[in-house]
Protein chains: 2
Amino acid sequence: MTSNSETGRRARSQGPSIATVARQAGVSTATVSRIVNGVTNKASADTIARVQKAVSDLGYRPSSAGQTLRRSESRLVALVAANLANPAMSAIAASVEVALREKGLVMVLCDSHDRPDLQDEYLLEMRAQAVQGFILLGAVDSPALKEMVEAGQSIVFVNRASPLGNGSAFVGIDNAQAGADVAEFLFGKGVQEPLVIHGSLASSATAIRVEAFQSRFMELRGRRAAVAGSDSLDHLEIGRQEVAAYIEANGRPPEGVFCLSDLIAYGAARALREAGYVPEQDCVLIGFDDNPMNDWIAPWLTSVRVPYRQFGPVIVETMLNLGSGHRAPVVELPHELVDRSDWRG
Amino acid sequence: MTSNSETGRRARSQGPSIATVARQAGVSTATVSRIVNGVTNKASADTIARVQKAVSDLGYRPSSAGQTLRRSESRLVALVAANLANPAMSAIAASVEVALREKGLVMVLCDSHDRPDLQDEYLLEMRAQAVQGFILLGAVDSPALKEMVEAGQSIVFVNRASPLGNGSAFVGIDNAQAGADVAEFLFGKGVQEPLVIHGSLASSATAIRVEAFQSRFMELRGRRAAVAGSDSLDHLEIGRQEVAAYIEANGRPPEGVFCLSDLIAYGAARALREAGYVPEQDCVLIGFDDNPMNDWIAPWLTSVRVPYRQFGPVIVETMLNLGSGHRAPVVELPHELVDRSDWRG
DNA sequence: ACAACTTGGGTAAACGATTACCCAATTGAT
DNA sequence: ATCAATTGGGTAATCGTTTACCCAAGTTGT
């Protein structure tokens, strides 16, 4: 008896297997599996009750490895972000996590640091994990990405469209409209010679926002704005350095700055302060993303609000529907320019 | 031939299996497995080369499900955070992710929202995933946690010690010292009647910091400070409401406030501004965690810096060593009170 | 020349879950 | 009473990987 009670139990750190449940309930593993999976027409009410009792007594939960092997699909979903230091990316990740849990899925979080080699490493590892899908927050072009897309994996591109072009699912905002909105706002504030500061232009989102801004600003003002920026992931420093350089070169701050992320705007504000200016008075600063903490930490920052809280459910829904529809879904959620220009400390 | 070339290939979204490699190299799966796992004394140099070529030609990577089933351990590590909206938690998560990747491990991220039921759901699901270990960023007491600890799972408690007491691995700071440091700083600034604002006291970290603060302040001043706070996860609002309530009740802002997170301090600052005060002039505000963005967005906020960048490597190292040592490791990383009280905008 | 190793590699079992298929016993129809 | 259909449930194959064990051919030692 003693040896029997241990037989078939995995190392105590692993929880009971289906065989343990089957023995406890006096049925075969097939029956347990069917009942656990809700197939009721292959067992009597009595058997079902016995099995369910055994399941709950033992705290049985199917081993993911066994299921994955059999179904060749795990409950994992990979979220590959270009830069988790960016609060906007963390916010999306947190939102996706909640949405996935509600579907019984599990989020694996990867930070590609915007590097193709790392992104590939993650994509391949995640395929080895048999993930149900990929959510790419800022994908870069890379060999494995191409392979995954061609193999028909479930992939949702978020914010930054597929570097491979056409035909992939996308969730984001109307980038062109947002860029134009900012141009109108700055022009409306009387800014004649704005500065644009961006991070990596490899991001289609950034590139489109900048281009649409320029295009609309050209219509309004008859000329294009000066542009600065770099590929660095440290947006705070980008903003700081470009504004510092501008002040150094012109002897005065720019009239207005379109910063392509809130972080760049924070950096720009710091450079202004360090040069003795007051950000909310001496320069019309526009951020992007509208960090939910802005009302608390940067109540002076006008910013384009991207509804990150809504992203999670929409992204997950999009990913789960990928099999059914035949056309790649493109979802553009509404953005809003939050005007805080009348704030006075 | 045509049918043969497809035989043994999984659905094209799944990558090649070991059998495909074996066939391609003209050996058995055992040989492939040995070579892939670095067992060189069971194959000739010639065979090794053939297999390696097949592996790289096919882009073979072992199926995680197969390995997990066999080894009864996956490459997954669960990071369960109490609140991902808190930048301190996100920062730790990002740091852990990097450290795990360097060890070939994969991070699963879960947000328990500080709820015992959700935490249990995650713990059980993660056990079903056969994770190598758990990293708990702010654990609450719950049945499954007890079960996991007793079953000898690899668990590292971060910041908040095990609610079950003694004997678990811990990574954090010297909370008592940090609390005392703040007491001395405030007293040194001439603050006679400080206010303490905290989030959930169920967190041992918070409770210890508060208690040590009070204890040291009592030594210095001969009395304890007023304490306010709530269990809400919305620290921003806690800080705002408690300071607003203080001003409402006393007709003036507190002399100084020990905020048990930076978020609470941001909220406190907002309340001050909303009441017409200037945070950096009218109140000695102390935060906790020292958000890396503070130099940019709150350059006036004195805060206790917790070295979150170092957390990832230390946590992962601690977790991986759990099997070997016989005593539960307790790692206290150095903190530092970053004094920004001389900042003038 | 013969025994004792070594080298190189194959066979098959095991891990856990699912499911197509099989089969006995019961029920229902005629 | 006989045949057909239904109910209830077991058997065994399968997914991919690892590894204990087996074995043949070659090598070394005497």
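All chains are named by letter (A, B, ...) in the order of the sequence lines, taking the proteins before the strands, and each is independently numbered beginning at 1. In what follows, every heavy atom counts, from backbone to side chain, and hydrogens, waters and symmetry copies are set aside.
Taking the charged nitrogens against the carboxylate oxygens, B/E121 and A/R101 have no contact shorter than 4.0 Å, which rules out a salt bridge. Electrostatic pairing of A/R75 and B/E125 counts as a salt bridge here, judged by a charged N lying under 4.0 Å from a carboxylate O.
Atom pair B/R71:CZ and C/dA13:P shows a separation of 22 Å (rounding to whole Å applied). B/L69 has its CG atom 18 Å from the P atom of D/dA13, to the nearest Å. One interatomic measurement links the two molecules: CG of B/D46 to C1' of C/dT7, which rounds to 14 Å at whole-angstrom precision. The nearest whole Å value for the distance from the CD1 atom in A/I18 to the C1' atom in C/dG16 is 8 Å. Remark: P of D/dT17 and CD of B/Q14 are 11 Å apart, rounded to the nearest angstrom. Put simply, CZ on A/R61 is 12 Å from P on C/dA17, counting in whole angstrom units. Protein atom CD1 of B/I35 is 10 Å distant from nucleotide atom C1' of C/dG8, rounded to whole Å. Atom CG of A/L58 and atom P of C/dG16 are 14 Å apart (whole Å).
Of the possible donor and acceptor atoms, none in the side chain of B/T68 sits under 3.5 Å from a partner among the backbone N and O of A/A65. Looking at B/D120, its side chain never comes within 3.5 Å of a backbone N or O of B/S142 through a donor-acceptor pair.
When the side chain to side chain donor-acceptor pair (under 3.5 Å) test is applied to B/S44, the partners found at least two apart in sequence or on another chain are B/T47.
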Protein N or O to nucleotides 6-12 of chain D N or O, pairs below 3.5 Å:
| from | atom 1 | to | atom 2 | distance (Å) |
| --- | --- | --- | --- | --- |
| D/dG9 | OP1 | A/T47 | OG1 | 2.6 |
| D/dG9 | OP2 | A/S44 | N | 2.5 |
| D/dG9 | OP2 | A/T47 | OG1 | 3.1 |
| D/dG9 | N7 | A/K42 | NZ | 3.4 |
| D/dG9 | O6 | A/K42 | NZ | 2.4 |
| D/dG10 | OP2 | A/S28 | N | 2.9 |
| D/dG10 | OP2 | A/S28 | OG | 2.8 |
| D/dG10 | OP2 | A/T31 | OG1 | 2.7 |
| D/dG10 | N7 | A/R34 | NH2 | 3.0 |
| D/dG10 | O6 | A/R34 | NH1 | 3.0 |

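With no hydrogens or angles considered, no side-chain donor-acceptor pair links A/Q14 and B/S72 at under 3.5 Å.
The side chain of A/Y60 has C/dA17 as its nearest neighbour among C/dA17, D/dT17, C/dG16.
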